[in-house]
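Below you'll find the structure, written out as structure tokens, and then a few comments.
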Protein chains: 2
Amino acid sequence: MKTIADIAKIAGVAKSTVSRFLNGGSVSEETKRKIEQVINETGYTPNTFAQSLKAKKTNMIGTIVPRLDSYATSRTLMGIDERLRELNYHMLVSNTGQDLQREIESIYTLAKQKAAGIILLATQVTDAHLQAFRSIDIPVLLVGQQHEEVYSLIHDDETAGYAIGKYIAQRGHKKIAFLGVGEYDVAVGVKRKKGVARAMREHAEEVEARFFETTFNMTDAAEKAEQLFDEFSPSALVCATDNIAFGAMKAAYRKGQFVPKDISITGFGGYEVTAMMHPSLTTVHIHFKEAGQTAADHIVKLIKGEEIPKLTYSRFELILRESVDIRTDHLL
Amino acid sequence: MKTIADIAKIAGVAKSTVSRFLNGGSVSEETKRKIEQVINETGYTPNTFAQSLKAKKTNMIGTIVPRLDSYATSRTLMGIDERLRELNYHMLVSNTGQDLQREIESIYTLAKQKAAGIILLATQVTDAHLQAFRSIDIPVLLVGQQHEEVYSLIHDDETAGYAIGKYIAQRGHKKIAFLGVGEYDVAVGVKRKKGVARAMREHAEEVEARFFETTFNMTDAAEKAEQLFDEFSPSALVCATDNIAFGAMKAAYRKGQFVPKDISITGFGGYEVTAMMHPSLTTVHIHFKEAGQTAADHIVKLIKGEEIPKLTYSRFELILRESVDIRTDHLL
DNA sequence: CTCGCTATTGGAACCGGTTCCTTTTTATTT
DNA sequence: AAATAAAAAGGAACCGGTTCCAATAGCGAG
């Protein structure tokens, strides 16, 4: 492997001149040509470590994710990766396996590796997080969660929850159940639920709403849904994720209930499969990939010291499909 | 940020002594204690770049993937990441967006960044790949594809294809269709098909088999499946991926065909949703995560110069569910 | 033709570690 | 106690770049 010193010697100039050529300092046209030729002939590429050692920075953006096997994560990563590539940065993915401790560790590790910036697909923001953010001297962007101290990009789960809740209520459903997850996940467990609840309150006179809780796991969701059907027998079930909705559909099937005739079910996320199942699933499509691109844009702007809003919302869209029926019982 | 020189000064020893302490050279107990204390007090961590500069290596394993939004990819990545972490390595993910050119570029980029090793989740191996592998001086492990020149870990798609083909034939099906993808993807497009074809040949006397082709996209698959039902009206449809199977189920539904009564459908991959749909999907479950772990083990062994087999097979498993019916027509 | 200013270039220090070699200290052997 | 070996510690060079500063050269003005 050739070094800058080799190039300099072959070209008959000093190391510093080659370095200047590479980084755009003042070099005469003639010297430029000479150096360029030598570089092309030798196929020289600068050693990244030596560069980073002195320059104290890299073009790597650390992206911390709670899990890899989730539609939301992969779509977001795709968006981030795509845009970062365009902006000449690299994405370093750090998976934490939903372990909060490892999330904190990752922040410090990335800082140590001199990541230029950190994008955190967060499930919650604890004091330990904040402390980590403060102690490292690297821009951080939160995706999916928000905190006033940190730049955040969120999916506006509450409004989306409100939208789908409203939609269901307007379809004439009188007994509506919501199947969510624990409050440890602020976006899914708190915000989505809150949005739905707000819609329910607006229809409090005609609608009876009940809120249930399960995990992100399909099998758990299926079990919980079965219980819920026995306990409450709603005419519509709003699920906090598409996966939970899959479980719910399975449960309905086991109970001999037809979707949407006997029970309407909605999801949240907009996974590709939701279009293929039958009945196809009415769901909220969150533009994860687009959000990833925005996140990449934002982190790079932060690195460059440009201004970005403290809080950004990603877009969502109600996708109306077959799994929701209209109820006209009350008109009879 | 403290440097090794600071630590040395505070502890009253030389830089080299601290370095030796850090890397396990001969240091007296007393000095050890002193240095250790200073390090704890200051929270010193060595600068990765400076280390890599001299040592000319890192503990990063580059993992090149064609796409991120695929169940197979994410599960494999999880496995790799999990095991690498245990082995004290980091995973650097490079997504190529199914662009072959970018795949080659990534190999060189990773080499330049002094990745300790490269795991390539490949869809095909071209001459450009081989040339890249030869020119970089880093261990490479191929996952999902095989080539005699390179260490490979493959999913034994052929045997798996054979297994599911055999299973379908043994269930008494007489008109069997296979819906695969183009040969550009050797594992899915060639191997799986070949396995199924072999099984079909063994039953050539009773079975009429036809092979069709679509893309990895669900919607495309659904369309193709509809055509195929019109053209051939098989009693069983073996799909090359679970996603294709989803499309096929949608197509069956549109055609008013019941699964499995009118038509049996199988998938390939073992995605989690396959258990939740109804009818639940009979499929080949490939242990992607386990394969990822093995891949991590192998690449680290290669880095350490240990021996590993040139070719390894990952495990798979037939998951028998509801989407396949037994045909007894011929017994009537 | 000399002076002053600017565009180029070279040289050396530095970034923060690792490693080789030498010196010093300590332990062991005779 | 002297000789010798082994362990511990220090010093300096080096990894491959970047950057600061001084030296040189080129050029227009006076």
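Please read these numbers as outputs of a predicted model, since none were measured by experiment. Chain identifiers are assigned alphabetically (A, B, ...) following the order of the sequence lines, protein sequences preceding nucleic acid strands; residue numbering begins at 1 within each chain.
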Nearest-angstrom distance from the residue atom [atom1] of [X] to [atom2] of [N]:
X       : N      : atom1 : atom2 : result
B/Leu53 : D/dA13 : CG    : P     : 18 Å
B/Asn23 : C/dT19 : CG    : P     : 7 Å
B/Ile35 : C/dG17 : CD1   : C1'   : 15 Å
B/Lys34 : D/dA9  : NZ    : C1'   : 10 Å
A/Asn47 : D/dG16 : CG    : P     : 7 Å
A/Phe21 : C/dG10 : CZ    : C1'   : 18 Å
A/Ile4  : D/dG16 : CD1   : C1'   : 8 Å
B/Tyr44 : C/dG17 : OH    : C1'   : 7 Å

Please tell me if [X] has a side-chain N or O lying less than 4.0 Å from either OP1 or OP2 of [N].
X       : N      : answer
B/Ser19 : C/dT18 : yes
A/Gln51 : D/dG16 : no
A/Thr17 : C/dT9  : no
A/Ser28 : C/dT9  : yes

Whether A/Phe49 and B/Phe49 hold their rings parallel, tilted or perpendicular, with breakpoints at 30° and 60°: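 Rings of A/Phe49 and B/Phe49: tilted, 30 to 60°.
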
Distance-only donor-acceptor test, A/Ser16 side-chain atoms vs C/dG11 base atoms, 3.5 Å: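 Side chain to base: pair present.
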
Of the listed nucleotides ([options]), which one gets closest to any side-chain atom of [X]?
X       : options                : answer
B/Lys15 : C/dG10, C/dG17, C/dA13 : C/dG17
B/Val27 : D/dA9, C/dT18, C/dT8   : D/dA9
A/Thr3  : D/dG17, D/dC20, C/dG17 : D/dG17
A/Arg20 : D/dG17, D/dG10, C/dG10 : C/dG10

Cation over ring face, A/Lys310 and A/Tyr151, 6.0 Å, 45°: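 Because its charged atom sits under 6.0 Å from the ring centre and within 45° of the axis, A/Lys310 does stack over A/Tyr151.
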
Aromatic ring proximity, centroids under 6.0 angstrom, A/Phe133 and A/His147: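 No, ring centres 6.0 Å or more apart.
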
Sugar-phosphate, base or nothing in reach of A/Thr31, heavy atoms under 4.0 Å: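 Result for A/Thr31 = sugar-phosphate.
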
Check ion pair B/Arg33-B/Glu36 (N to O, under 4.0 angstrom):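 No, this pair does not count.
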
Spatial distance of atom CD (A/Gln145) from atom OG (A/Ser152) [nearest 0.5 Å]: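 Result: 9.0 Å between the selected atoms.
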
